[in-house]
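This report refers to the structure that appears directly beneath it.
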Amino acid sequence: MKLHLVRMAKAQGQARFPGVEGFEARVLRAPEAVDEARMYLVLEGELIIDLPDKSYLHLRRNEAAHLQHPHNLVPVESVVVVVWKP
């Protein structure tokens with residue numbers, strides 16, 4: 001099965017693979033607090049991830065991060081990101 005994740009996420013707000021739990025591509029337009037472990041891959045745009053120790057990660061297209069602790073997502077304008085929930 002071939003899916004164009006960026007196009008589908010922009011058209012529908014999110015894209016999921018049938019039968020695959022915990023995986024989605026979605027458009028993020030507003031800040032979001034996350035309390036669980038997740039992995040991110042930026043497909044389009046830029047994403048700032050604020051960490052509990054007051055540091056941050058700045059992810060651009062084709063960059064990824066795996067986070068084990070609570071964090072905050074802050075999109076730079078609009079971002080299409082793949083999210084894995086282990």
Side-chain angles (χ1 to χ4, degrees):
M1 173 185 314
K2 179 179 176 180
L3 300 175
H4 194 286
L5 295 175
V6 173
R7 191 175 322 151
M8 290 177 64
K10 284 182 170 183
Q12 303 171 11
Q14 69 177 1
R16 297 179 185 216
F17 280 101
V20 178
E21 293 294 321
F23 175 93
E24 68 179 355
R26 62 187 177 108
V27 177
L28 185 63
R29 293 185 178 96
E32 179 180 308
V34 179
D35 293 327
E36 58 192 13
R38 290 192 184 169
M39 181 176 236
Y40 302 99
L41 170 63
V42 174
L43 299 178
E44 185 175 277
E46 296 181 40
L47 179 64
I48 305 295
I49 303 174
D50 288 328
L51 303 171
D53 66 358
K54 305 294 183 199
S55 64
Y56 67 93
L57 299 173
H58 185 175
L59 300 181
R60 294 172 180 87
R61 184 176 176 209
N62 297 325
E63 294 181 331
H66 180 240
L67 301 165
Q68 298 281 344
H69 305 289
H71 52 279
N72 293 310
L73 303 177
V74 182
V76 177
E77 295 184 13
S78 178
V79 63
V80 179
V81 63
V82 171
V83 180
W84 285 280
K85 299 175 188 176

| For Pro86 against Ala37, the heavy-atom pair lying closest together | CD-O, 3.2 Å

| Under 6.0 Å between the ring centres of Tyr56 and His71? | no

| query | If every non-hydrogen atom of Val42 is compared with every non-hydrogen atom of Arg60, which pair is closest and at what distance? | reply | CB-O, 3.5 Å

| task | Compare every heavy atom of Glu44 with every heavy atom of Val79, then report the nearest pair and how far apart it is. | result | CG2-O, 3.0 Å

| query | What are the two closest heavy atoms between Ala15 and Ala9, and how far apart are they? | reply | CB-N, 4.2 Å

| query | Going by heavy atoms in the side chains, are Leu28 and Ser78 under 4.5 Å from each other? | reply | no

| task | Rounded to the nearest 0.5 Å, what's the gap from CD on Glu24 to CD on Gln14? Could you check? | result | 5.0 Å

| query | In Å, rounded to the nearest 0.5 Å, how long is the span from CG of Leu43 to CG of Asn62? | reply | 7.5 Å

| Are Leu57 and Val74 joined in one hydrophobic group, where the rule is that I, L, V, M, F, W and Y side chains link up if heavy atoms are under 4.5 Å apart? | no

| request: Verify the neighbour count for atom NE2 of His69: are there more than 12 heavy atoms of other residues, nucleotides or ligands below 6.0 Å? | output: no

| Validation row: Glu32, Val34 side chains within 4.5 angstrom (heavy atoms) | yes

| remark: To the nearest 0.5 Å, atom CG of Leu67 lies from atom CZ of Arg38 at 10.5 Å

| request: May I ask you to say whether Glu63 pairs ionically with Arg61, meaning some side-chain N is under 4.0 Å from a carboxylate O? | output: no

| query | Phe23: what forms a side chain to side chain contact (heavy atoms under 4.5 Å, CB included) with it, not counting sequence neighbours? | reply | Leu5, Phe17, Val20, Val82, Trp84

| Is there a path from Val83 to Val80 through hydrophobic residues (I, L, V, M, F, W, Y) whose side chains come within less than 4.5 Å of each other? | no

| CD of Glu36 to NZ of Lys85: how many Å apart, nearest 0.5 Å? | 6.0 Å

| message | I want to check something: taking the side chain as every heavy atom from C-beta on, are Leu47 and Leu73 in contact at a cut-off of under 4.5 Å? | response | yes

| task | Can you see which heavy atom on Leu59 is nearest to which on Ala64, and at what distance? | result | CD2-O, 3.9 Å

